[in-house]
**Q** 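Here you go, one structure.
The first residue of the sequence shown is numbered 1, and numbering continues consecutively from there.
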Amino acid sequence: MASSSLTTHFHPSVLQKDQNIPTQFIWPKEGLVQTKEELNEPMIDLAGFFHGDVAATAAAAEQLRAGCEKHGFFQVTNHGVDEELIRAAQDEMDSLLKLSVDKKVSLQKMPGSLWGYSGAHSDRFSSNLPWKEMFSFQYDHGSAPEELLVVDYFNNVVGKEFEKTGLVYQKYCEAMKKLSLALFQLLAISLGIDREHYKKFFEDGSSIMRCNYYPACNEPNLTLGTGPHCDPTSLTILHQDQDGGLEVFSNNKWQSVRPRPNTLVINIGDTFMALSNGRYKSCLHRAAVHKGKERRSMVYFVNPKMDKVVKPPQDLVDQKGEKIKRKYPDFTWSKLLGFTQKHYRADDTTLQSFCHWLLTNKD
């Protein structure tokens, strides 16, 4: 874990002015193998699904199944999220990034909190730091429309001058919720279970919105914007800028995910892998940084309600009268979240390590 003295010093947006990057940001060479190919992830057009076209829905479900069984990544077009809203959310990131270091530190995430600023995770770790700054906040799916929790946070905590920022992100989160519930319907169809099963499971969920800023880096071959990891969450909806940087480890090699106009990148997380009884993959991925070029991305991590029990639907463990072995024990999202925040830095064995920890720690 990092010492508190690191917290105020390791901010990539400040450090990018230095010719050499600090050793805390240098990653082991074996984790920095360069990508040479593009990932061949499915490109799924949601228009037919949204319009109730049976044939188009079946085709989309088949594409989804193929990608999720292989590596868990796909892109969606005609996703229904207003492009003007996406641009507005991108623009509002700039106002957060221009905050002074002292102000950012005052908004720093507290241990276990889902709200606030983090500079390279230097509040939690002291080595293999990611070359990025993050601003995260929570969005509860089950909150009433009049409960403007995101607006209240920006207005009351960040500052009254950020009320507009809060309004934009409130609307963005609402759009992400709507899209995610539609995707859960399509995921259920692709798995051959009740179309409404996952939608109902996540309707009152507790999701995380994160704005990522990757400053330009003088030595991009020595560091990473985000280290190799699998998302412990359920479903990730990513908007990456056109400079790109997302890379996925598939077929034993790193492959890049090309940014495409008017699309969103979706990937399966560990929690949904458990909800599918291991049918759909939560895959290792990372983010690169560039020399002389900054990057931005917006990520919406979809999760169930904190105390909801995560287990696959009966149709996935009892098929044609045959019992299929359960791959993971029952758990709650709050338990897995606490494990990654307090005990374990997320990687490609997070879920397996968590299950082992869960079965051997009864407190």
**Q** Compare every heavy atom of Pro313 with every heavy atom of Tyr198, then report the nearest pair and how far apart it is.
**A**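 Taking Tyr198 first and Pro313 second, the nearest heavy atoms are OH-CD, 3.6 Å.
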**Q** Answer yes if Met43 and Val76 sit in the same cluster of Ile, Leu, Val, Met, Phe, Trp and Tyr residues linked by side chain heavy atoms under 4.5 Å apart, and no otherwise.
**A** no
**Q** Is it true that atom CD of Glu161 has more than 12 heavy atoms of other residues, nucleotides or ligands lying nearer than 6.0 Å?
**A**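 Check passes, neighbour count above 12.
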**Q** Taking everything shown except Lys164 itself, do over 12 heavy atoms lie less than 6.0 Å from its NZ?
**A** no
**Q** Just wondering, more than 12 heavy atoms not from Asp204 lying within 6.0 Å of its CG?
**A**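 Yes, CG of Asp204 has more than 12 neighbouring heavy atoms, counting only those of other groups under 6.0 Å.
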**Q** Which pair of non-hydrogen atoms, one from Pro228 and one from Leu224, has the smallest distance, and what is that distance?
**A**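 Smallest interatomic distance, heavy atoms only, reads CD-CD1, 3.7 Å.
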**Q** Using a 6.0 Å distance limit plus a 45 degree cone around the ring axis, check whether Lys335 lies over the aromatic ring of Phe354.
**A** no
**Q** Return the minimal non-hydrogen interatomic distance between Arg195 and Ile189, and the atom names on each side.
**A** NH1-CD1, 3.7 Å
**Q** When the ring planes of Phe339 and Trp357 are compared, do they come out parallel, tilted or perpendicular, using 30° and 60° as the limits?
**A**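 Tilted: the ring planes of Phe339 and Trp357 meet at 30° to 60°.
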**Q** Parallel under 30°, tilted from 30 to 60°, perpendicular over 60°: which one fits the rings of Phe135 and Tyr117?
**A** tilted
**Q** Is a side-chain N or O of Asn155 found less than 3.5 angstrom from the main chain of Val151, in a donor-acceptor match?
**A**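 Side chain of Asn155 to backbone of Val151: no pair is present.
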**Q** Could you tell me whether Lys308 atom NZ has more than 12 heavy atoms of other residues or ligands within 6.0 Å of it?
**A**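 Above 12, so yes.
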**Q** On a heavy-atom basis, which atom in Gly48 and which in Ala56 lie closest, and how many Å separate them?
**A**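 So the two residues come closest at CA-CB, 3.7 Å.
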**Q** So which heavy atom on Thr226 is nearest to which on Lys132, and how close?
**A**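 Answer, listing the atom of Thr226 first, then Lys132: OG1-NZ, 3.0 Å.
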**Q** Over all heavy atoms of both residues, which pair between Ile237 and Met176 is shortest? Give the atoms and the distance, please.
**A**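 Closest approach of Ile237 to Met176: CG2-SD, 3.6 Å.
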**Q** Kindly say whether Asp45 contributes a backbone atom to a donor-acceptor pair with the side chain of Asn78 at under 3.5 angstrom?
**A**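 It does not hold such a pair.
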**Q** May I ask you to check whether Phe184 and Phe201 place their ring centers less than 6.0 Å from one another?
**A** no
**Q** Please examine the side chains of Arg326 and Asn277, heavy atoms only from C-beta on, and report whether any two atoms are closer than 4.5 Å.
**A**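 When only atoms from C-beta onward are counted, Arg326 and Asn277 do touch, with a gap below 4.5 Å.
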**Q** So Gln138 and Ser206, do their side chains get closer than 4.5 Å, heavy atoms only?
**A**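 The answer is yes; the side chains approach within 4.5 Å.
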**Q** Please check: side-chain N/O of Asp231 versus main-chain N/O of Thr233, any donor-acceptor pairing under 3.5 Å?
**A** no
**Q** Between Thr223 and Pro220, is there a donor-acceptor pair closer than 3.5 Å when you use the side chain of the first and the backbone of the second?
**A**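 The answer is no, because no donor-acceptor pair under 3.5 Å joins these two groups.
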**Q** Verify ring-ring contact (aromatic ring centres under 6.0 Å, His included) between Tyr300 and Tyr172, making sure each step is shown before the conclusion.
**A** CA-CA 9 Å; Tyr300 188 78; Tyr172 188 85; 7.4 Å; no
